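I have placed the structure first, in the form of structure tokens, so that the comments after it can refer back to it.
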Amino acid sequence: MSKMGFFTHRYLFHFFLLTSAVFILSWLLVLRSAGRTYSIDYYKLLSIAKNNNLYANLQARASINEEAVILSRNSRKCDSSEHILKVFMYDLPSEFHFNLLGWKGRGRGVVWPDIRSEVPDYPGGLNLQHSIEYWLTLDLLNSEFTKNLGGRSAIRVHNSSEADVVFVPFFSSICYNRYSKLKPNQKRSINSLLQEKLVTFLTAQDEWKRSGGNDHIVMAHHPNSLLDARTKLWPAMFILSDFDDASDFDSRKTLLYFQGAIYRKDGGIIRQELYYMLKNEKDVHFAFGSVQKDGVKQASTGMRSSKFCLNIAGDTPSSNRLFDAIASHCVPVIISDEIELPYEDALDYSEFCVFVRTSDALKEKFLLNLVRNITKADWTRMWGRLKEVENFYKFQYPSQANDAVQMIWQAVSRKVPAVKLKIHRTGRFSGSITPIERRD
Ligand SMILES: *[C@@H]1O[C@H](CO)[C@@H](O)[C@H](O)[C@H]1NC(C)=O
Ligand SMILES: *[C@@H]1O[C@H](CO)[C@@H](O)[C@H](O)[C@H]1NC(C)=O
């Protein structure tokens with residue numbers, strides 16, 4: 001499967017343009033509607049865990065967090081221009097990253113591929129689920145070749161004294177997925193060896209000693225990745241996957257959700273008819289109206305509390321709503337006779353979508369019977385699959401303004417004031433102290 005091959009499809013290009021546009025729009029709306037939001041709950045892609053609690057009690061932690069928020073408010077006030085996160089990335093040997101993808105270095109001492117001419121592919125299929133490290137690394141490498149900083153949330157800097165955070169480019173998820181098994185003559189797996197090497201490398205770096213690791217970003221997106229090293233690197237910020245989508249079958253009270261424009265070309269008639277068919281069903285949300293002000297958040301909340309989300313023909317491009325449904329883990333019900341779906345060469349949509357012919361959808365009670373007849377077990381299986389495939393839609397290279405990669409950098413940026421505060425406090429009496437010495 002060739003990643004670049006994906007992007008040559010014209011429909012995909014359009015799909016990305018449109019999803020980017022929707023993201024810009026939706027983020028503007030979310031930001032405006034919530035004043036200054038510090039959380040990214042619309043985009044529940046990841047959680048960034050900051051281990052503050054190991055040598056501070058709960059109370060101290062709460063106070064640190066409060067001040068962090070105050071600090072970031074102030075800094076927003078004085079500096080209204082967009083802040084670009086400055087990231088120092090270690091030149092870790094390629095065995096920690098692109099070699100794991102099968103890339104062979106080009107000569108001694110060459111750590112990174114020249115991404116202007118070659119972008120090594122990430123293995124497809126389920127691996128993509130935990131591929132954040134790859135896209136973030138590519139984005140940092142790419143930041144050196146782009147002059148236009150518009151839409152960029154992070155850039156790579158080579159002087160670590162000028163950096164806000166330190167990025168550890170270890171592809172831990174693929175390392176776990178591909179290199180955990182012992183080969184016949186091995187005593188230890190590559191996954192285990194690399195983790196040990198990583199800890200040795202990091203703790204010997206000046207950057208690590210200076211901050212006690214607090215300003216380091218370590219990626220452990222696969223829940224089983226980096227298991228040996230996590231506790232040893234605990235002061236760092238971890239980028240983890242967010243698996244706790246608590247809204248399962250029983251907690252999603254709405255059976256079927258649709259919110260959209262009332263009339264669009266071919267889909268108009270179907271919409272009207274469906275509306276009259278469904279409007280009096282009490283577990284169905286069927287409403288017309290475009291998304292305004294709080295609309296994005298509301299629609300996202302609506303989808304997150306629904307079992308099925310309607311995707312009706314004529315919604316050009318259907319992919320917007322489809323994308324939102326997938327991101328909300330709401331099983332899409334696609335009413336269309338010929339819809340073009342992104343990545344259909346790699347994904348079997350029938351595993352996580354329900355397809356209905358237009359002529360069937362317009363039969364009395366057909367749609368409701370169909371979705372009511374889907375058992376909890378079947379729905380839960382599709383829901384699980386949605387959570388697996390959603391990253392197919394989130395990442396792209398090169399990254400664009402406000403896409404998933406930029407969202408992650410922005411989330412990291414919001415942690416920076418708290419991190420700086422913590423580093424300064426830790427160093428009050430002794431200049432530089434590693435947290436381990438402070439523990440007792
Ligand atoms: C790195 O940045 C610091 C702070 O701006 C500066 O004092 C130092 O000279 C820089 N180092 C190099 C090698 O440029
Ligand atoms: C759903 O189940 C009902 C009752 O068991 C049945 O009459 C109906 O034909 C089924 N509908 C579909 C679309 O499978």
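Quantities reported herein were computed from a predicted structural model and do not represent experimental measurements. Whatever order the structure lists them in is the order used to number ligands and atoms, beginning at 1.
Looking only at atom types and distance, the side chain of Ser350 has a donor-acceptor partner in the side chain of Asp348 under 3.5 Å away.
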Could you give me the CA-CA distance, side-chain angles and deciding distance for Thr137 and Phe171, then say whether side-chain contact (heavy atoms from CB on, under 4.5 Å) is met? CA-CA 9 Å; Thr137 305; Phe171 291 180; 3.4 Å; yes
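In this structure, Trp409 has its ring center closer than 6.0 angstrom to the ring center of Phe167.
The list of salt bridge (Lys or Arg N to Asp or Glu O under 4.0 Å) pairs with a residue in residues 132-142, not counting sequence neighbours, reads Asp139-Arg152.
The aromatic rings of Phe96 and Phe170 sit perpendicular, their planes meeting at an angle over 60°, well past the 30° parallel limit. Note on ring orientation: taking the six-membered ring where Trp is involved, the planes of Trp112 and His97 are parallel (angle under 30°, cut-offs 30° and 60°).
Closer than 4.0 angstrom to ligand 1 sit non-hydrogen atoms from Asn159, Ser161, Glu162.
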